[in-house]
Amino acid sequence: MGQLIPVTIPPEQQLMLLLKQRLQQPDRAHEIDAEIRDRFLQTQAIMVLDMVGFSRQTQGQGIIYTLQEIYRLRDIAVPLIEKQGGRVFKVEADNI
């Protein structure tokens, strides 16, 4: 099977173009699905980090201290995740 979309374009664009082809050419869905699987299918794990006692800590120590601890968590965790080949895709309050 030949490649339907060049690999020289960014992966997100590759996927969007393949999905567009799939919509426009439903008779080739099987071939396009195989291309999508070959390029993008992989097993990954999702990890969620959450500070323990966030609300209790904020009430006891105050918001400034808690914001400092959130910053410290991000400052330590994000480089470690990235060093191991991980990718941070969402950071919200005390969660990574």
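I76 and I70 fall into different hydrophobic clusters, defined by Ile, Leu, Val, Met, Phe, Trp and Tyr side-chain heavy atoms under 4.5 Å apart, directly or through other members. Put simply, V78 and M47 are part of the same group of oily side chains (I, L, V, M, F, W, Y) that touch within less than 4.5 Å, one to the next.
Every pair tested for side-chain hydrogen bond (donor to acceptor under 3.5 Å, both in side chains) that includes a residue from residues 74-90 fails, sequence neighbours excluded, so the list is empty. Listed by first and then second residue, the salt bridge (Lys or Arg N to Asp or Glu O under 4.0 Å) pairs involving residues 60-70 are E69-R72 (not counting sequence neighbours).
For the pair I96/V88, a side-chain contact is recorded, criterion being any heavy-atom separation below 4.5 Å from C-beta on. Using a 4.5 Å cut-off on side-chain heavy atoms (C-beta onward), D27 and Q25 make contact.
Clustering of Ile, Leu, Val, Met, Phe, Trp and Tyr by side-chain heavy atoms under 4.5 Å joins Y65 with none of the others.
In I64, the CD1 atom is not crowded: 12 or fewer heavy atoms of neighbouring residues, nucleotides or ligands sit closer than 6.0 Å.
The side-chain hydrogen bond (donor to acceptor under 3.5 Å, both in side chains) check on Q21 picks up nothing, with sequence neighbours excluded. Remark: N95 pairs with no residue by the side-chain hydrogen bond (donor to acceptor under 3.5 Å, both in side chains) rule, at least two apart or across chains. Partners of Q42 by side-chain hydrogen bond (donor to acceptor under 3.5 Å, both in side chains), not counting sequence neighbours, listed by chain and number: Q44. Checked against side-chain hydrogen bond (donor to acceptor under 3.5 Å, both in side chains), Q68 has no partners two or more places apart in sequence or in another chain.
Distance check, rounded to the nearest 0.5 Å: CD1 of I46 to CZ of F89 gives 5.0 Å.
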Listed pairs under 3.5 Å, donor-acceptor, residues 48-62 side chains, sequence neighbours left out:
from : atom 1 : to  : atom 2 : distance (Å)
T58  : OG1    : F54 : O      : 2.9
T58  : OG1    : T66 : OG1    : 3.2

Show me, pair by pair, the donor-acceptor contacts under 3.5 angstrom made by side chains of residues 10-20, not counting sequence neighbours?
from : atom 1 : to  : atom 2 : distance (Å)
Q14  : OE1    : R39 : NH1    : 2.5
Q14  : NE2    : V7  : O      : 3.4
Q14  : NE2    : I9  : O      : 2.7

